[in-house]
Structure formats: C-alpha cells, structure tokens
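Right, one structure below, let's go through it.
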Amino acid sequence: MEHIRTPKVENVRLVDRISSKKAALGTLYLTATHVIFVENAPDTRKETWILHSQISTIEKQATAATGCPLLIRCKNFQLLQLIIPQERDCHDVYISLIRLARPVKYEELYCFSFNPKLDKEEREQGWMLIDLSEEYKRMGLPNNYWQLSDVNRDYRVCDSYPTELYVPKSATAHIIVGSSKFRSRRRFPALSYYYRDNHASICRSSQPLSGFSARCLEDEQMLQAIRKANPGSDFIYVVDTRPKLNAMANRAAGKGYENEDNYSNIKFQFIGIENIHVMRNSLQKMLEVCELKSPSMSDFLWGLENSGWLRHIKAIMDAGIFIAKAVSEEGVSVLVHCSDGWDRTAQVCSVASLLLDPHYRTLKGFMVLIEKDWISFGHKFNHRYGNLDGDPKEISPVIDQFIECVWQLMEQFPCAFEFNERFLIHIQHHIYSCQFGNFLCNSQKERQELKIQERTYSLWAHLWKNRADYMNPLFRDDHSQTRGTLRLPTTPCNFLYKFWSGMYNRFEKGLQPRQSVTDYLMAVKEETQQLEEEREALEERLEKIQKVQLNHTKVKAKQSEPSKHSGFSTSDNSTANTPQDYSGNMKSFPSRSPSQGDEDSALILTQDNLKSSDPDLSANSDQESGVEDLSCRSPSGGECAPSEDSGKDRDSDEAVFLTA
Amino acid sequence: MWWGGRGQSFNIAPQKEEPEMGCVQRTGMLEPRSQQLDGHVASGCLPGEQILAWAPGVRKGLEPELPGTLICTNLRVTFQPCGWQRSQETPLSSEYDFALVNIGRLEAVSGLSRVQLLRPGSPLKFIPEEILIHGRDFRLLRVAFEAGGLEPQAFQVTMAIVQARAQNSQVQQYAGIPLSKAGQSTGSRKPPVPLLETSEDWEAERKKQGARGWRVSTINERFDIATSLPRYFWVPKRTLDSEVRRAFGHFHQGRGPRLSWHHPGGSDLLRCGGFYTASDPNKEDIRAVESMLQAGHSDVVLVDTVDELPSLADVQLAHLRLRALCLPDSSAAEEKWLSALEGTRWLDYVRSCLRKASDISVLVTSRVRSVVLQERGDRDFNGLLSSLVQLLSVPEARTLLGFQSLVQREWVAAGHPFLTRLGVTGASEEAPVFLLFLDCVWQLLQQFPAEFEFSEFFLLALHDSARVPDTLTFLRDTPWERGKQGGQFNSYTQIYNPGYCQPPAGNSVNSQLSVWDWDLRYNSEQILQFHNPGYDPEHCPDSWLPRQQPSFMVPGPPSSVWLFSRGALTPLNQLCPWRDNPSLLAVSSRWLPRAAISSESLADQEWGLPSHWGACPLPPGLLLPGYLGPQIRLWRRCYLRGRPEVQKGLSAPTISGLQDELSHLQELLRKWTPRISPEDHSKKRDPNTILSQSPRCPLITVFFMGMAEGGPE
C-alpha cells in the first residue's frame with residue numbers, strides 16, 4: 001500500500017492497438033494487487049484487470065499534446081497503452097507500478113492474499129489432487145530395477161532436488177553421493193520417466209565436473225547402474241542438450257560433458273538447444289513483431305524468421321523426439337543433462353514423456369507431468385519468470401517454450417490430447433500470475449520452508465474444478481493415431497511449426513478468427529451429452545413401463561406359465577445393456593449439430609415432463625422391482641399386485657405420451 | 001515401337017504393337033494378374049481413351065503405401081490401387097487420376113540419380129525405380145516400381161507418359177476429355193447450378209437479388225456487342241437497348257457497365273472495362289455512359305480495381321515461385337523457409353485482395369450508392385473483387401449453391417479467360433487469378449469458420465478441377481466459345497456409353513456438363529465432405545434482415561462522384577474522361593475523404609465518423625476480414641500436398657483414413673438398427689433425434705481436425 005502514490009486517475013484513455021481512433025476513456029485505479037481500468041461508457045463499464053505480477057515492463061513515452069503515454073507490457077503478452085492527461089499523474093503511476101511490479105519478498109505476492117473462499121480442508125484436498133508417488137506407482141515403480149531412495153532426505157545431498165527420488169537398485173548411497181559430488185550443483189542422475197513396456201528409462205542430471213580430464217568412479221558406476229536397470233540394452237544414451245561449443249566452453253570452468261572413453265557402454269550425443277539468454281532475446285524479437293501496429297506480410301514473415309523462435313522450438317522438439325525414439329523403438333535408456341539440468345533438461349524430458357505416454361496427454365496427466373519434471377525437480381520458477389525482483393538476466397521463457405511445444409503437438413495430433421489450447425494458455429498465465437502457490441520459489445525445499453501448502457491454494461485444483469472449459473472436443477483415446485507413442489516424421493521440417501497466434505496475440509481480439517471451432521464443438525458435445533442422458537432416462541422409463549405392462553398381462557394370464565415369464569425378463573435385461581454400451585461409444589465424439597429452435601423447445605418440454613413425472617417414476621420402480629421379485633418367487637405374491645399396477649400403468653403411459 | 005526408340009540407351013524386348021483405337025486387349029506374355037487388371041482398366045475407359053502403357057507399382061508418400069498399377073493413357077495418367085474398381089458413376093477419380101495437362105514436372109529416380117524428363121526424345125539412361133509426377137495443382141504422384149522382371153514395363157510406362165504429355169500439349173487440350181454421365185437422359189437436363197445461359201436464369205437471379213431498378217438486356221444475344229460478355233446481362237431499367245449499344249462502344253472491348261450485384265440495402269455494385277480513351281463520343285453517348293454508371297444513384301464511386309493489386313504477370317510469377325517452393329525438394333533452406341515464402345509474394349497478394357474487397361464492401365454497405373469496379377479488361381480482378389465483396393456481404397453467397405452460382409456468374413459467364421489464365425493454351429498471358437481468388441476464400445473460411453456452408457474440401461475440389469479438362473467450364477475463354485461448342489454438340493445429341501468407343505468426330509467435351517457436376521469426379525462420400533459441419537445455421541440467409549432502404553432513383557446528374565484508390569476517396573469532377581465540364585457535377589463538401597492512413601481500414605474511417613451509420617457499427621451479415629500479416633495463412637492442405645509429412649494433423653483425406661471412419665460408422669449403424677425398429681410408438685422420438693445426426697458425427701471429427709489448423713506463418 002505504501003507504494004501507491006495515486007490510487008486513482010481519471011480521464012485516462014486506453015488505446016486500441018489496431019485502430020488508434022477507438023480509444024476508450026475511463027478511470028485508472030491502482031490497488032495493492034491489480035491495475036484496473038474501468039471504461040466510462042455507461043452501458044458497458046468494461047473493466048480491464050492487470051495483476052502486478054504480470055507486468056513485465058513499464059515504459060513512459062514522450063509527452064504529447066493529448067497527454068502522457070504509458071506503455072505496460074505484460075508477461076502474458078498483453079500490451080496496454082494508456083494516455084494519462086497529466087504528466088504528474090503519469091509519473092506517479094509509473095513510479096508506483098515499477099515498485100509494485102517488482103516485489104522483494106514472497107509475502108508481497110498475490111497468492112498470499114488471494115482467497116477463493118475455500119475452507120482448510122478443501123485447500124488441503126486441492127494440494128493432494130496431484131500426487132507424485134501415485135505417479136511413480138502408475139509407471140510401475142518400485143520394481144526389481146528401481147527403488148525409492150531416501151538419500152536426499154532433508155535435502156542432504158542436493159537442495160534443489162525433491163526428497164523422494166527413484167534410482168537404480170544397484171546404486172548404493174555411496175555411489176549416489178559420490179556421483180553427486182561430481183555433478184554440477186550436486187544434481188545426480190535420477191529417474192524422470194520409466195517406460196514399463198521395455199524397461200527403458202529417461203534419467204536426468206546436471207553436467208559432470210569433468211573439466212578436461214577429471215573422472216569419478218562413483219559417477220561411472222552410477223551410469224552403469226542405470227544401464228543395468230534396463231536388461232534389454234547393453235548401452236545407454238547420454239544426451240547433452242547444449243550446443244557442443246557451449247559444452248566445450250564449460251570444460252574450462254571445470255565442468256563439461258562425459259568422455260565416452262571413461263564411461264563404459266555409453267553413446268554420447270549433443271543436441272544443440274541454445275541457452276536461456278539466446279531464448280530470451282529470441283522471444284523479445286518475436287514479440288517486437290507482434291507489437292507492430294499493422295504488420296505487412298513481409299514484416300511478419302521476416303520478423304518471425306529472424307527471431308529464430310520457431311527454430312528453437314524445433315530444436316527442443318527434435319531432442320524430445322530423439323529420446324522418445326531411443327526409449328520406445330530402440331529400448332535404450334537415456335540420461336539427459338544440460339548445464340544445471342533444470343531448464344533444457346526439464347523441457348526435453350517432459351516433451352519426451354509426452355510423446356511416449358498417453359497419460360500425460362490427459363488433463364490430469366499433464367498436471368502431473370509439470371509437477372514432476374518442472375516443480376519437483378527444481379526448475380527455478382522464481383528466477384526464470386521474475387516473480388520477485390531479481391537479476392533480469394535470469395529471466396527466460398523456458399516453460400513457455402515447453403507449453404508451446406505441447407501446442408505444436410496438439411496441432412499435429414488434434415485427437416491425441418484431452419485438453420485444449422485454453423488449458424495451456426491458462427497455465428502459462430498462472431505461472432506468471434502468482435495467484436496460486438504451485439509455481440513459487442526455485443525448489444521444493446524453499447517451498448517447504450515457506451509453508452506454501454498451508455498458506456496458498458493450488459492451481460491444479462482450480463483447473464480441475466473448471467475442467468469442462470479445458471476439454472478438447474476432438475479427443476479420442478481409442479484412435480489408432482493417439483494410442484501409445486506419438487510418431488513424428490523422421491525428418492521434421494520447419495513449416496510443421498507455426499506461429500502461435502492464440503498465445504502471443506491473444507489479447508489482440510482483432511487478430512483472432514472471429515469464431516472458435518473449439519467452442520462450437522464443445523457446445524455440440526455438451527448438448528449431445530445432455531441428449532444422451534435424456535435418452536437413457538427415457539429408455540429406462542420405457543423399460544419400466546414395459547415391465548409393468550408385462551407383469552400386468554402376466555398376472556392376467558394366470559400363473560400357469562412361469563417359464564415364459566423368466567424368459568421375458570432376461571430379454572429385457574439384455575436390451576437394457578445395449579444403450580450403455582452404445583453411449584460409451586458415442587461419447588468419444590460429438591454427434592449432433594447445435595440445436596435449432598424447434599428442437600430446443602422440444603427439449604425443454606421433455607425436461608419439464610421429466611421433472612414433473614420423476615417422483616412418480618421412482619416410486620414406480622421401487623414397487624415394480626418388488627412386484628417382479630414377488631411374482632418370480634411365489635405365485636401367491638402376484639395376486640396383490642394387479643390393482644396397484646394397473647393404476648400406475650396408466651399414469652406412466654400418459655407421461656410417455658406427453659413426451660412423445 | 002511407337003515412341004520410336006529415339007535416344008534411349010537401353011534395350012527392351014520389343015513389345016506388341018499397341019492397337020490404335022479403342023480399349024486395349026492385351027494378349028500373351030503377361031502374367032494373369034496383369035490381364036485381370038486390364039479388365040478393370042477397360043471398364044473404366046473413357047470413350048476414345050487408349051491405354052498406352054502400364055506397370056505395377058507401389059504408390060508412396062501415403063500411409064500405408066498402396067500397391068497398384070500405374071497406367072498411362074492418351075488422356076491421363078492414373079494409378080489404380082489393387083482391388084479398386086472405378087465406379088461407373090464417377091468416370092474420373094479425383095484421387096488417382098492425373099490429367100496429362102496437369103503434369104507440371106516428371107522425374108525418374110534410380111538409386112541416387114534423378115532425372116527430369118522433358119521431351120520424348122530426351123534419353124533416360126536407366127530403368128526408373130521410382131517415378132514422380134508433380135501436378136500443377138500441387139499434387140504429387142510418387143510410384144515405386146516393382147522389381148523382379150518387370151523393369152521393361154517400368155521403362156515403357158515412363159516413356160509413354162513423356163510421349164503422351166508431349167502429344168497432348170499439341171492436340172488434345174482444347175478438345176478436353178469426352179465424358180458422359182451414366183444414366184443421363186437425353187437432351188435437357190437441369191444443371192446443378194444455373195449456368196446463366198438463358199435469359200430466364202438471369203431474370204430469376206435478378207428477382208432473387210431484388211434488383212427492381214434493373215432489367216435483363218438481350219442486346220448481346222448474338223454476341224455482337226462483345227464475345228467476351230455473356231448473352232444476357234443486367235442494365236438499368238430506364239436505359240434503352242440503343243443506349244446500351246451506344247455506351248458500350250466506348251469501353252475497352254465493348255465491356256460497358258453492368259450490374260454485378262444489388263445490395264439489399266439499396267446500393268449497386270457494377271463492373272465495367274476501362275474507358276476506351278481513343279474514342280470520340282458525342283454528347284448523347286456520354287450521357288448514356290454516365291447514366292449507366294450512375295445507375296440512378298446520386299452518389300457514385302469509381303473503383304480503380306487494379307490499383308494496389310498485383311499485375312497479371314505478378315500473380316503468375318508468384319504462383320510459379322510458390323509451386324517451386326512447395327516441391328518436396330525445394331531449394332529453400334529449412335530455416336529460410338518463411339522468408340522464401342514471403343519472397344513468393346503470394347500471401348501478400350492474397351492480403352491485398354482481401355483488403356481491397358473489405359474496403360469495397362464497406363463502400364457498398366455504408367451508404368446507398370453506385371459502386372463501379374473498373375478494370376481495363378474487366379475479366380480478371382473485377383471478377384475477383386466482385387465475388388469477394390458478395391461473399392463478405394451476403395450470407396447467401398456463402399452457401400454451397402450460392403457460391404457456385406457466384407462463380408458461375410462472376411467468372412464463367414462474365415468471361416474470365418480460364419483457358420488462357422490457367423495456361424492450358426500455353427499463351428503468354430497465363431495468370432492463375434482464379435486460384436488466387438480461391439485462396440482468398442480459403443482465408444475467409446479460416447477467419448469465419450461458422451459462416452460458410454462449404455468446406456475446405458470443396459475449395460480444394462474446385463482448385464483441382466481447374467486442371468482437369470473435362471467440362472467446358474474451365475476449357476474456354478469466353479461465353480461465346482462455350483456457346484459455340486454447345487450448339488455444335490446439340491446438333492448431334494448423342495449419348496455415350498462407357499465402354500463404347502466414340503469415333504473421333506464426336507470426341508469432344510460434353511457441353512451439358514459443367515464443373516458443378518461433381519459426381520463426375522467425386523464419389524458421394526467425398527461430396528459429403530463439401531459441407532462444412534461448422535456452418536452455423538443461425539447464419540442462414542433467412543435470419544438476415546437487410547436494412548430497409550428505399551432505392552431512390554434520382555433523375556439528375558450525380559451529386560457526388562468519387563474515385564476510390566489507395567484506400568481513400570477522392571472527389572472527381574466528372575465520371576468520364578472525355579469531357580471537361582465539371583460544372584455539371586455538384587460535388588458536395590459535406591463528406592471529404594480522410595487522408596489515407598495505411599494502418600486503418602476504410603471500415604474504421606467510415607464508421608469512425610458519427611454522422612454515418614450512427615449507433616449500428618456493423619450491419620449484420622457483413623464480414624470484415626482481417627488482413628494483417630499474422631492473419632494471412634498458407635493453405636497448407638492445398639500447396640503442401642506433395643509433402644505428406646506436412647499433412648499430419650490436417651486429416652488429409654486419405655482413403656485409409658476415410659475407411660477407418662467409415663467402418664466405425666457402419667459399426668455404429670449396425671448397433672443402432674435393431675434398436676430403431678420400434679413397435680412401440682413411444683420409443684420413436686428419442687432415437688430419431690440422435691440417429692438423424694449420427695451418420696455425420698465421425699465426419700465432423702475429421703473435418704474439424706482440419707479446421708483447427710492454421711498456417712506456419
């Protein structure tokens with residue numbers, strides 16, 4: 001609060017980027033957490049809310065006749081151009097925002113004041129939604145080759161690793177500790193993904209401290225142990241995701257990469273993904289293109305190419321594809337590292353996992369994947385995304401690139417993912433928003449010290465609650481293309497990767513297609529589902545009516561033919577099974593165009609009818625089952641039924657006529 | 001041997017002389033399998049078609065690869081998959097046929113060597129292991145030949161294609177492929193789309209548009225005004241035929257102002273050729289010209305059509321570059337692909353067309369006026385802009401039927417020189433303006449996926465049809481030539497039967513068929529795909545209520561005349577260039593044009609002004625397309641078809657993919673059928689609501705897989 005110099009400025013204009021004529025006049029408010037612009041237009045009073053933590057840069061431009069322009073760039077790629085009439089006000093806002101956008105301690109972040117009105121229990125449940133130990137169990141661990149190690153209990157070996165880690169069974173604590181001493185920041189090789197089908201695995205670590213000639217017996221044993229944990233293969237790949245030049249340069253600093261001569265049975269491979277500084281500049285260049293007021297074709301295509309952004313995306317994808325192939329096709333385990341093993345390694349391991357395992361392509365599986373490869377393995381969220389004021393050189397769009405890789409995959413495999421583009425965009429938004437505690441700090445240890453789970457809420461629970469918004473209507477888990485490993489072409493070409501307008505231009509509504517096919521499909525699907533349910537309910541009723549009729553006629557026809565009756569009831573059961581079978585099939589794709597007027601009204605009618613006749617029905621069913629039981633077992637029981645039944649029968653028949 | 005053995009340095013055992021006429025009956029020396037196969041081929045033979053050579057092979061680049069036979073005839077190259085039977089109803093296959101004129105490049109591959117085959121004389125120094133046929137429509141046919149004793153056949157078929165292509169380019173192009181429709185009754189038959197060859201068609205269309213101030217003129221019935229004009233066109237009601245004749249003489253090639261489209265709000269969109277500046281019109285003539293341009297409106301805007309649009313040569317060059325870039329072995333480096341794409345300029349041209357069309361649709365909508373598209377020839381960009389404006393403004397033009405009628409009217413009937421522009425004649429004036437138009441439409445489809453009844457597949461079909469010489473639609477330059485052919489044909493009134501070999505005299509295109517007879521080339525499943533499942537019925541024409549504006553006809557001279565160029569309106573002193581008498585025009589000063597700001601569309605300029613259009617910013621039914629760099633995308637499903645790896649996620653309509661869906665669907669139907677024979681009346685309602693939709697559902701998925709797709713740029 002003390003940083004806000006002016007809480008409110010009036011007569012501010014918000015400039016529309018596409019057309020400068022359409023500036024909206026309104027009032028600007030500064031709060032402890034948000035910048036809010038409220039338009040004056042009386043009928044709409046449209047509000048634009050910007051979280052302080054989303055603000056990336058604030059630029060005060062030269063004062064013009066109309067006022068003093070203030071440009072706010074956000075980390076979620078929103079761009080706000082305000083014109084404040086008074087230079088003084090503008091300066092005050094500017095100074096306040098500079099401070100508010102760069103909090104110095106965690107307690108200033110929004111998640112500590114954000115309260116979605118959940119009680120303690122609900123919050124705890126939210127944090128329990130994603131459980132990594134469950135995930136390892138799902139992979140089939142522990143087993144004969146892999147075990148949970150407690151070597152990092154209380155973060156004794158490596159403070160940026162989680163406490164629960166899977167390592168090869170043959171790797172003793174001595175080997176692990178020895179290996180960790182030979183690895184940058186003591187990030188020793190640990191399991192990231194285990195491929196159950198052929199025992200191959202993806203492990204991750206940081207670079208070895210090999211310098212020009214140093215060796216470490218324990219580290220060599222560690223790699224050996226990883227190889228042995230996969231009996232089907234006599235070597236492992238060691239993938240260094242850096243360009244070779246960068247890795248060589250590191251040797252001068254006593255770091256570097258594995259020497260194939262020292263390690264038995266490894267195949268060493270460089271995959272040139274550039275470092276965080278190159279990536280930061282690349283994004284910067286691409287965003288400059290996005291900011292152009294009216295980009296021509298050449299502005300856009302040249303700008304996009306010169307930014308190199310898609311080339312970097314391709315490099316990450318290529319690395320993921322290489323690993324996925326090694327694991328699934330060759331059955332060879334892979335050890336992945338970069339420099340510290342928390343940026344490129346996280347990207348590559350998660351892309352490979354996503355390609356390998358359909359589970360990660362589901363809504364919940366994707367949350368697990370981020371939890372596993374990013375959050376628990378100590379991706380430095382705070383540094384990379386500038387949550388707290390820090391070194392700007394540490395900031396880099398590492399996870400943004402991963403999210404874009406997922407989107408690029410979704411474009412190529414439209415039926416393979418359970419979630420949609422919006423899901424990715426919202427995750428990206430919340431990585432920067434600091435509204436939830438998930439992405440705070442740089443490591444598990446820090447999060448524990450801050451007691452994040454007791455003081456903030458989990459994003460995953462929030463997303464899960466609203467999962468209906470994030471479903472991909474095209475998802476088909478039974479499709480041949482989407483089962484198992486996703487296979488990308490062996491020679492991927494550049495134009496497979498496209499500019500993600502939905503992310504980087506997402507606030508330029510004018511640049512987006514006017515109609516969303518996804519939304520349309522989702523509406524269709526939702527309606528289909530409703531109709532399905534309605535149909536099922538109707539069929540259930542029908543069946544009951546038939547049964548009632550049956551009993552009715554049966555009772556009339558005396559008890560002389562009990563065998564016939566039982567035959568009827570079994571046939572009834574068999575028809576009852578078909579709708580469920582069938583609906584299981586139907587749900588995998590939308591089957592209905594959106595309603596037209598008359599159908600809609602018909603729908604409402606039947607629903608009304610359903611409601612009114614519902615209690616009636618349930619009463620009916622109870623009695624019916626009782627009747628059936630009775631009539632089946634004892635012939636005498638049937639005698640009391642007819643009077644009741646005939647009454648009921650008429651009622652429900654009427655209801656059916658109404659709906660029909 | 002019929003190719004004369006020129007230049008080939010390879011000895012092949014001489015084969016039996018091919019019979020000259022009719023369908024080949026091969027005898028001897030071939031395995032039973034091939035004989036069987038010939039039976040298949042013969043059944044699919046068109047009248048006058050001869051099989052020149054064939055070889056078994058495997059079609060590559062698809063998943064899975066298809067075994068079959070590569071056949072070269074005097075009309076086409078076709079790949080027949082094993083077990084595939086050509087349907088009698090669809091004598092041509094959009095999937096497997098390559099018309100000889102469509103072959104853009106031919107390559108033979110053996111090991112590492114790769115040779116481009118140009119002329120029949122050029123030597124082929126090896127037995128091809130694989131042959132690559134690059135279509136001018138961006139399709140690619142890649143066939144690997146079977147090894148094991150069949151090498152001579154591989155060689156023969158390759159050389160036969162080279163030969164047939166060379167011969168074809170001299171002789172057969174103009175004639176086209178003679179086709180008939182099985183089960184077609186004699187003589188009159190209602191075409192699927194009004195072909196606008198009778199005055200009734202024009203009258204019906206005029207009524208549909210509600211153009212009350214207009215009438216159908218029959219003055220060009222004998223094509224004596226202009227051969228490039230249709231027999232009938234619309235002129236202002238009050239204009240006499242003598243005035244029309246008087247006025248049209250002063251336009252380039254006699255293409256005077258005619259109504260293109262009447263906006264329901266009252267405006268009229270006209271198109272005409274350039275003023276014939278060398279002529280010396282008298283006062284009467286000028287008055288006639290002016291009144292026709294004015295069309296009873298007090299506000300007239302002349303649109304300089306070609307301004308800011310590419311020239312014909314530009315379009316041609318861009319298209320050639322685009323085709324070169326999209327070849328699988330394009331020389332563009334991977335990381336330079338985007339700039340290479342930019343270098344073709346194609347997307348930029350698409351962008352400028354969209355932009356201009358958007359501006360004109362604003363002009364037509366924002367006030368009641370006469371908007372005249374003026375292009376010197378009036379046969380290329382006038383058609384493109386006029387069609388785009390109608391697509392943007394009228395929901396009806398976005399339906400399948402509406403769009404086909406639009407193309408028939410603004411392109412075919414209006415005399416777009418298809419034959420010349422598509423380069424079939426080999427003339428120098430090749431420029432695929434029509435394909436540029438299709439790309440523009442595809443862009444609109446991307447931006448407004450719920451507004452169009454037709455799908456991307458339909459546009460692709462239209463795109464590919466331009467290269468198939470089967471109907472007169474794309475095989476003539478003018479309505480006059482098309483009519484000539486038709487007349488000639490009518491005197492014969494012959495019906496062809498498949499299998500019956502037609503004597504060469506009647507070996508001509510069936511004039512009764514048009515490109516809109518889709519069932520000639522597409523089977524019913526493919527035609528089903530022409531429908532866009534995302535088309536929102538709420539956007540159907542009925543729901544669109546145009547603003548009720550009286551179309552007031554003012555007798556006097558126009559009160560304001562504007563020239564629209566460079567995105568802005570400038571006042572004109574006079575309509576015609578021949579007279580210097582500005583005093584007759586009362587140019588109003590109440591609405592002066594704004595300076596052209598390149599970044600702002602005309603829509604912003606127009607509707608930014610409070611005096612016009614007041615509270616209602618955009619009239620319902622009007623689409624304003626985006627034309628900023630990031631919004632223009634590459635039509636990958638069309639241009640990158642030669643690269644199957646790029647088609648991933650586009651749900652390329654492969655046979656295997658469709659079969660997959662089909663079997664799934666049939667399974668569903670089978671499950672349903674026992675359940676929808678309800679003896680019980682109460683059961684009727686709910687299965688029906690779902691069942692009536694269920695055949696569509698898996699296809700919806702297929703369609704949308706493609707729709708979610710965008711460009712790389």
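Note on naming: letters A, B, ... go to the chains in the order of the sequence lines (proteins, then strands), and numbering restarts at 1 for each one.
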Is it true that a side-chain atom of Glu342(B) and a backbone atom of Leu301(A) form a donor plus acceptor pair closer than 3.5 Å? no
Which value, rounded to the nearest 0.5 Å, describes the distance between [X] atom [atom1] and [Y] atom [atom2]?
{"X": "Ile632(B)", "Y": "Ser296(A)", "atom1": "CD1", "atom2": "OG", "answer": "11.5 Å"}
{"X": "Met297(A)", "Y": "Tyr349(B)", "atom1": "CE", "atom2": "OH", "answer": "13.0 Å"}
{"X": "Tyr627(B)", "Y": "Ser294(A)", "atom1": "OH", "atom2": "OG", "answer": "9.0 Å"}

Sequence neighbours excluded, which residues qualify as side chain to side chain contact (heavy atoms under 4.5 Å, CB included) partners of Ala315(A)? Ile273(A)
Which residues satisfy the ring-ring contact (aromatic ring centres under 6.0 Å, His included) test with Trp302(A), sequence neighbours excluded? none
Verify side-chain contact (heavy atoms from CB on, under 4.5 Å) between Arg636(B) and Lys498(A), making sure each step is shown before the conclusion. CA-CA 11 Å; Arg636(B) 285 148 48 108; Lys498(A) 320 183 255 200; 4.2 Å; yes
Relative to chain B, which segment of Asn306(A) carries a heavy atom at a distance below 4.5 Å: side chain, backbone, both, or neither? neither
What's the shortest heavy-atom distance between Phe499(A) and Pro630(B), and which atoms? CE2-CB, 4.5 Å
With side-chain contact (heavy atoms from CB on, under 4.5 Å) as the test, would you mind laying out the steps for Gln631(B) and Ser501(A) before giving the verdict? CA-CA 9 Å; Gln631(B) 293 168 308; Ser501(A) 176; over 6 Å; no
